[in-house]
Amino acid sequence: MTTFSDTIIDWHHQHGRHDLPWQGTTDPYKIWVSEIMLQQTQVTTVIPYYERFLQRFPSVQTLASANIDEVLHLWTGLGYYARGRNLHKAAQQIVNDFSGEFPRNLDDMMSLSGIGRSTAGAILSFAFSLRHPILDGNVKRVLSRVFGVEGWYGKSAVAEKFWLLAEEHTPNKKIATYTQAIMDFGATLCTRSKPSCAICPLQKSCIAFTENRIAELPSKKPKKPIPVKTCQMIIIQNNHDHVFMLQRPPTGIWGGLWSLPQLELDTDIKTSLSEDFGLSIDKIKIGQVFRHTFSHYHLDIQPVYARFIDNDYSKNKIQDTATAWINFNKTVELGLPAPIKKLLIATNNK
Ligand code: SF4
């Protein structure tokens, strides 16, 4: 065992997190769900989602046989919905290709939807005590600072350097403890903007600290300006206070979630809704523009409120897309993107 891993494990013994809901188990299913939810998401945000999810889907079998709408509904508000779709797909892979048992080798684990090398390493070490390095954002930050690794991780030569270091410093024993310890070390001590160097047990050997380079390590991704896109979201209500919704295609932004008709800003709303869905509308009212930010662009949303003028709403054309008139109170049971949910709640409270 190297000095580095000894120090991290000793630190964890006294200062690490020991009571998170997904700790104290070696059930690979529970560990997997937590690891996927924790990607890009804070522990405090994840806890209630994790508990609700496990209550509804207590096993890989229950998840595999669930309807994707229900899975995405439980994911509503957690963001990065591809994670929820991949979780569902991987559960089906485990049931169909691995007889319902989690694989125990890295390649098989990485063949599952949504499981990359670091997540696979975490599941294998937590569930089966197998020695595999992990390299999530917290671990990269710690390694980069302690060992002075420069360069953006998105470049393959830099990524290779990080994996070599992670491999070298992963101990042969106490693998699950070390994995949790280094995650906690990065999440609570060597944090992104205000690391607690004054009480850090690695201070003397840490290159970032001794060379006063904490702010510059790890190296950031070269910046490109985030583009701004715009759209109109049409909230069409009928006389029964139902709202017209459509399910998005399974891939891409908000894949598989229920949303509203979305049009380019300069599109003629009446013509477009009539041509695309056979809907006649009137009483058009423009709402306040608001911004939703994705990881790679901003979306400025212009809400437009309209009323459906034909009481026989069974007459609307059904396209390839799934469309439905949905009672406002029933939208809570659907997988909705966060800004659409916000818009519908605001509309319902008017
Ligand atoms: S000394 Fe500071 S920067 Fe270095 S590992 Fe410790 S907390 Fe992180």
Side-chain angles (χ1 to χ4, degrees), residues 20-22 25 27-98 102-103 106 108-124 126-127 134-140 153-154 179 183 186-187 247-259 292-297 299 333-341:
L20 299 173
W22 44 85
T25 179
D27 179 344
Y29 174 69
K30 292 180 181 170
I31 292 164
W32 170 52
V33 172
S34 72
E35 285 300 319
I36 300 296
M37 285 190 171
L38 286 165
Q39 288 168 0
Q40 332 267 358
T41 314
Q42 299 280 334
V43 163
T44 45
T45 308
V46 165
I47 290 174
Y49 281 91
Y50 173 79
E51 287 174 342
R52 275 196 298 269
F53 199 88
L54 281 195
Q55 207 170 11
R56 171 61 190 90
F57 306 120
S59 65
V60 71
Q61 285 77 11
T62 48
L63 177 58
S65 58
N67 185 311
I68 183 67
D69 274 343
E70 203 184 346
V71 177
L72 293 175
H73 165 57
L74 284 176
W75 213 271
T76 296
L78 200 54
Y80 302 99
Y81 293 91
R83 294 183 300 173
R85 289 195 298 275
N86 283 333
L87 207 62
H88 184 242
K89 196 168 160 200
Q92 293 174 335
Q93 286 176 283
I94 293 166
V95 168
N96 297 331
D97 304 342
F98 296 96
F102 273 77
L106 191 67
D108 283 347
M109 190 64 93
M110 286 173 65
S111 72
L112 300 173
S113 250
I115 299 192
R117 184 169 168 190
S118 183
T119 303
I123 300 169
L124 290 170
F126 284 136
I134 60 156
L135 200 47
D136 68 2
N138 287 321
V139 180
K140 274 180 227 157
Y153 180 81
T179 301
M183 282 177 171
Q247 191 169 30
R248 296 184 62 101
T251 52
I253 295 292
W254 298 338
L257 301 186
W258 284 83
S259 188
H292 181 73
T293 297
F294 294 99
S295 51
H296 50 302
Y297 66 91
L299 182 63
E333 292 166 14
L334 298 173
L336 300 172
I340 302 301
K341 187 173 179 183

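Taken to the nearest 0.5 Å, the CD atom of Gln40 stands 8.0 Å off from the OG atom of Ser295. Atoms CG and OG, from Asp97 and Ser111 in turn, are 7.5 Å apart once rounded to the nearest 0.5 Å. Between atom CD1 of residue Ile94 and atom CZ of residue Phe102 there is a gap of 3.5 Å, rounded to the nearest 0.5 Å. Between the CD atom of Glu35 and the CG atom of Leu87 there is a distance of 12.0 Å, given to the nearest 0.5 Å. Here the straight-line distance linking atom CG of Leu112 with atom CH2 of Trp32 works out to 7.5 Å at 0.5 Å rounding.
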Applying side chain to side chain contact (heavy atoms under 4.5 Å, CB included), run through Thr41 and Arg83 and close with a yes or a no.
-> CA-CA 12 Å; Thr41 314; Arg83 294 183 300 173; 3.2 Å; yes
Evaluate side chain to side chain contact (heavy atoms under 4.5 Å, CB included) for Tyr81 paired with Ile253, printing each intermediate quantity in order.
-> CA-CA 8 Å; Tyr81 293 91; Ile253 295 292; over 6 Å; no
What do the steps show when you test Arg85 against Trp75 for side chain to side chain contact (heavy atoms under 4.5 Å, CB included), and what is the final call?
-> CA-CA 10 Å; Arg85 289 195 298 275; Trp75 213 271; over 6 Å; no
Could you go through the side chain to side chain contact (heavy atoms under 4.5 Å, CB included) check for Ile36 and Thr119 one step at a time?
-> CA-CA 8 Å; Ile36 300 296; Thr119 303; 4.0 Å; yes
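Put simply, the side chain of Leu38 reaches to within 4.5 Å of the side chain of Val43, judged on heavy atoms. Residues Ile47 and Gln42 have side chains not in contact (no heavy-atom distance under 4.5 Å, counting atoms from C-beta outward).
Between Ile115 and Ile123, the closest heavy-atom pair is CD1-CD1, 4.0 Å. Shown here for Leu257 and Leu336, the closest heavy-atom pair between the two residues is CD1-C, 3.9 Å. Smallest separation of non-hydrogen atoms from Asp136 and Met183: OD2-CG, 3.8 Å. The shortest non-hydrogen separation linking Thr45 to Leu78 is CG2-CD1, 4.2 Å. Nearest heavy atom pair, residue Asp27 against residue Tyr29, reads OD1-N, 2.8 Å. Val71 approaches Gly84 most closely through the heavy-atom pair CG1-O, 3.8 Å.
No donor-acceptor pair under 3.5 Å is formed between the side chain of Gln92 and the backbone N or O of Ser65. When atom types are taken as modelled, the side chain of His73 and the backbone of Leu334 share a donor-acceptor pair closer than 3.5 angstrom. Under the 3.5 Å distance criterion, the side-chain polar atoms of Ser118 are matched with a main-chain donor or acceptor of Leu135. Of the possible polar contacts, none joining the Trp254 side chain to the Trp258 backbone as a donor-acceptor pair under 3.5 Å is found. When atom types are taken as modelled, the side chain of His88 and the backbone of Ala66 share a donor-acceptor pair closer than 3.5 angstrom.
In this pair, His292 and Phe294 present their aromatic rings perpendicular. The plane angle is above 60°, beyond the 30 to 60° band.
The list of salt bridge (Lys or Arg N to Asp or Glu O under 4.0 Å) pairs with a residue in residues 65-80, not counting sequence neighbours, reads Arg56-Glu70.
Separation of the Tyr50 and Phe53 ring centroids does not fall under the 6.0 Å cut-off.
With a 6.0 Å cutoff to the six-membered ring centre and a 45° limit on the axis angle, Arg52 counts as a cation-pi contact of Tyr49.
For Lys140, the NZ atom sits in a packed shell: over 12 heavy atoms of surrounding residues, nucleotides or ligands are nearer than 6.0 Å.
Just one of Gln93, Met109, Met110 meets the side-chain contact (heavy atoms from CB on, under 4.5 Å) condition when paired with Pro103; it is Met109. The side-chain contact (heavy atoms from CB on, under 4.5 Å) with Trp22 is formed by just one residue from the set Leu54, Val46, Val33; it is Val46.
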